[in-house]
Amino acid sequence: MDITEVERDRLAKLEGLKSGGIDPYPPRQQFRELRILAADAVQKVAEWQKELLVPGDEERQKALHQGIPEVVAIMGRVIVRRVMGKASFLQLEDVSGRMQLYARIGEDSLDTSSFERFKDLDLGDFIEARGNLFITRTGEPTLRVNAWNLLSKSISPLPFPKEEKLTDGSVVRHSALADPELRYRQRYADLAVNPEVRQIFVKRAKIVKSLREFLDTHGFLEVETPVLQPIYGGAAARPFTTHHNQLDQDLYLRISFELYLKRLLVGNLERVYEIGRDFRNEGVSFKHNPEFTQLEFYMAYADFTSIMDLTEQMIRHAARQVLPDGVAHFRGHVVDLTQKWQRIPLREAILEFTGLDYTAYPDEETLEDAIRKRGLNANTVRTRGKLIDGLLGDYVEKNLVQPTFLYDYPRDISPLAKSKFGDPSTVERFEGFVGGIEICNAFSELNDPLDQEQRFIEESIGARMGDEEANPLDEDYLRAMRYGMPPCGGFGMGIDRLAMIFTNNDSIREVILFPHLRKDE
RNA sequence: GGGCCGCUAGCUCAACUGGCAGAGCAGUUGACUCUUAAUCAAUUGGUUCGGGGUUCGAGUCCCUGGCGGCUCACCA
């Protein structure tokens, strides 16, 4: 591993500390009992300042400058250094926020040797500092340090930005770590120096928590089903393959949870959900990562319309938990997630944005012909359903900014959904769109084992015709269906995409901690 | 996979039609007892992504490889 000059200097400094009897990575903190979070300290100072009535400016100034007598400790990472001759300022960051430290040579602060070591700290070091809180002349809440310890020495320099506060209160960051490749490959450094990146993942965790909370209170049981599957299915996607050595068995990483979760409904678990990772061996893009987080739930005695209602409630719940006012700002749009969702039949949506009514073209050939005649893009893998899906993706999706459900989908791209009564080419299915991207997919689940078998057979014909995404026939799943599955609605949602919308990020990589990148050589 | 753009100091970026590789920040040294992009003075730091070529001379032009970003196709 190459070592930079800075690293060489820091390693030398480390040796110096050790030979001076200081452990640069001590096992314990001395001030643990006194610890308060930076944000709480700031709060404390603000309250104390408010309580301090105004007996006279001079006295008040003196009291402010002296500070709160109570002794507290702050632990965190050094992110700003402003070192002077006999007085110095550092800024410490912990999980809650930031706190300025002030130290000087003097009875109320540090002795000379402790102060010299304080000045010698580097950006990135972790320390604990004990003292009392006060307000500087410039009004900054500050801890006056009267004792401190190194907690962890930083060897490699982190690229901390400089932050400039403008007169209007906004903050300009100079020389921030911005190269996306570096940020993703060294996410730890990205997180360390870019607090707004940490906030994305705090928000993401809140989203997941709120969804879980919603489902738990609605009688759903959280379950875990196999990631390694002998037969994959439940979505139109190519799988990753792997191998079990001892059993000498080829296995697939799951592309969805669907077939296993529905087996559980056969087993009388009426409401189940799973939040976990799916793996799809497809292209990587701003909205696709090879592994992504999915929520699926299945609910007995429900159909796709009840799932629409529930989806609306669930997203509204998440929005209210995570976003102020439940309003998302995404790609310059203002999206109110507390409002009622629009519900439009797929046919009408495509008609509106392309002028083409696909119900007038009952088969693949006539539909493709009609699409080409209008100068629209025709999907390259041609089945009637895929052509329709293509129109949706190319012309409709980006226009669905406010929360919208499209419903009634073609049967041949929905092999696990129940047919619409009296319309064999259509199934009871909907997809949800927010901010111009699809976020969820749901249907009345097909529970007719004979129909299901027929669909699998159609799929396997598709597979033989070269459709690499066609699902293989799952005998065990059919056996489960033959025992009887209650009528139910099922739902799947990409958590990453929801996180994109909630955090106003255009790229899925921004909301995945360690997104997939090409190998680094 | 295709197209376009990019890769220069630890970080953010300059370097004209090919002509001495630079700045700010970080680092180092010194000054400074309330600073906040602290300031002031001095200073270190480079395989210009790798390999090959053209040329008196290449960060710059050509070929080739790597990685990234955007985009198109496929997909959630």
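Below, read A as the first sequence line, B as the second, and so on, with proteins coming before strands; counting in each chain starts at 1. Atoms considered below: every heavy atom in the structure, side chains included; atoms not considered: hydrogens, waters and symmetry mates.
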- request: Please name all residues satisfying side chain to side chain donor-acceptor pair (under 3.5 Å) with A/E224, sequence neighbours left out, ordered by chain then number.
  value: none
Under 4.0 Å, counting only non-hydrogen atoms across every strand here, what does [X] touch: a base, just sugar-phosphate, or nothing?
{"X": "A/E438", "result": "sugar-phosphate"}
{"X": "A/I437", "result": "nothing"}
{"X": "A/A235", "result": "nothing"}
{"X": "A/D120", "result": "nothing"}
{"X": "A/F134", "result": "base"}

Whole-Å distance separating the [atom1] atom of [X] from the [atom2] atom of [N]:
{"X": "A/L123", "N": "B/A37", "atom1": "CG", "atom2": "P", "result": "15 Å"}
{"X": "A/K86", "N": "B/G30", "atom1": "NZ", "atom2": "C1'", "result": "13 Å"}
{"X": "A/D190", "N": "B/C11", "atom1": "CG", "atom2": "P", "result": "13 Å"}
{"X": "A/E7", "N": "B/G45", "atom1": "CD", "atom2": "P", "result": "17 Å"}
{"X": "A/R104", "N": "B/U33", "atom1": "CZ", "atom2": "P", "result": "11 Å"}
{"X": "A/N146", "N": "B/U33", "atom1": "CG", "atom2": "P", "result": "21 Å"}
{"X": "A/E5", "N": "B/C11", "atom1": "CD", "atom2": "C1'", "result": "16 Å"}
{"X": "A/F118", "N": "B/U33", "atom1": "CZ", "atom2": "P", "result": "16 Å"}

query: Is the charged tip of A/R429 near the ring of A/Y409: under 6.0 Å from the six-membered ring centre and within 45° of its axis?
result: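 Output yes; distance and angle both within limits.
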Integer angstrom distance from the [atom1] of [N] to that of [M]:
{"N": "B/G57", "M": "B/A73", "atom1": "C1'", "answer": "45 Å"}
{"N": "B/C40", "M": "B/C32", "atom1": "C1'", "answer": "9 Å"}
{"N": "B/G46", "M": "B/C61", "atom1": "P", "answer": "25 Å"}
{"N": "B/U54", "M": "B/G1", "atom1": "P", "answer": "31 Å"}
{"N": "B/G24", "M": "B/U60", "atom1": "C1'", "answer": "24 Å"}
{"N": "B/G27", "M": "B/U44", "atom1": "C1'", "answer": "8 Å"}
{"N": "B/C20", "M": "B/C72", "atom1": "C1'", "answer": "45 Å"}
{"N": "B/G53", "M": "B/C16", "atom1": "P", "answer": "25 Å"}

Just by distance, with hydrogens left out, do [X] and [Y] show a side-chain donor and acceptor under 3.5 Å apart?
{"X": "A/E258", "Y": "A/Y260", "value": "no"}
{"X": "A/S154", "Y": "A/R10", "value": "yes"}
{"X": "A/R104", "Y": "A/S109", "value": "no"}

- prompt: Can you check ring-ring contact (aromatic ring centres under 6.0 Å, His included) on A/F297 and A/Y273, steps first, answer last?
  reply: CA-CA 4 Å; A/F297 69 73; A/Y273 76 96; 8.2 Å; no
Mutual orientation of the aromatic rings belonging to A/F240 and A/F279 [parallel < 30°, tilted 30-60°, perpendicular > 60°]: perpendicular
Tabulated below should be each protein N or O lying under 3.5 Å from an N or O of nucleotides 38-43 of chain B; please produce it.
| residue | atom | partner | partner atom | Å |
| --- | --- | --- | --- | --- |
| B/A38 | OP1 | A/K162 | NZ | 2.4 |
| B/A38 | OP2 | A/R82 | NH1 | 2.7 |
| B/A38 | N6 | A/V83 | O | 3.4 |

With sequence neighbours excluded, residues passing salt bridge (charged side-chain N to carboxylate O under 4.0 Å, His left out) with A/K13: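 Only A/D120, A/D122 meet the salt bridge (charged side-chain N to carboxylate O under 4.0 Å, His left out) criterion with A/K13.
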Below 3.5 Å is the cut-off: list the nitrogen or oxygen pairs between protein and nucleotides 2-8 of chain B, distance only.
none

query: Among A/T293, A/L211, A/T311, whose side-chain contact (heavy atoms from CB on, under 4.5 Å) with A/M493 holds?
result: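 In the set A/T293, A/L211, A/T311, the residue that makes a side-chain contact (heavy atoms from CB on, under 4.5 Å) with A/M493 is A/L211.
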- prompt: Looking at A/F405, A/F491, A/W341, which hits side-chain contact (heavy atoms from CB on, under 4.5 Å) with A/M308?
  reply: A/F405
message: Wobble G-U and Watson-Crick pairs count when both distances are under 3.5 Å; given that, what is the 5' to 3' dot-bracket string of RNA chain B, with | for pairing to other strands?
response: (((((((..((((.....[..)))).(((((.......))))).....(((((..]....))))))))))))....
- prompt: With a 3.5 Å cut-off and just heavy-atom distances, do the side chain of A/Q100 and the base of B/U35 make a donor-acceptor pair?
  reply: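 For A/Q100, whose side chain was compared with the base of B/U35, there is a donor-acceptor pair (under 3.5 Å).
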message: Tell me which pairs pass ring pair (Phe, Tyr, Trp, His ring centres under 6.0 Å) where either residue lies in residues 68-89 of chain A, with sequence neighbours left out.
response: A/F89-A/Y102
query: Among B/C11, B/G27, B/U12, which nucleotide sits nearest the side chain of A/D9?
result: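 Per side-chain heavy atoms of A/D9, the pick is B/G27.
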message: Determine whether A/F304 and A/Y407 satisfy the following criterion, side-chain contact (heavy atoms from CB on, under 4.5 Å), listing intermediate values before the conclusion.
response: CA-CA 9 Å; A/F304 78 132; A/Y407 63 94; 3.9 Å; yes
task: Evaluate side-chain contact (heavy atoms from CB on, under 4.5 Å) for A/M99 paired with A/V42, printing each intermediate quantity in order.
output: CA-CA 7 Å; A/M99 168 58 53; A/V42 170; 3.7 Å; yes
- prompt: Taking for each residue the nucleotide of RNA chain B bearing the nearest heavy atom, is the 5' side occupied by A/R137 or by A/N441?
  reply: A/R137
- line: Sorted by position of nearest nucleotide on RNA chain B, 5' first, the leading residue of A/D179 and A/G106 is A/D179
query: Taking 4.0 angstrom as the limit, do A/R411 and A/E428 come out as a salt bridge?
result: no
query: Just to confirm, is there a sub-4.0 Å distance from OP1 or OP2 of B/U28 to any side-chain nitrogen or oxygen of A/K13?
result: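 Yes, within the criterion.
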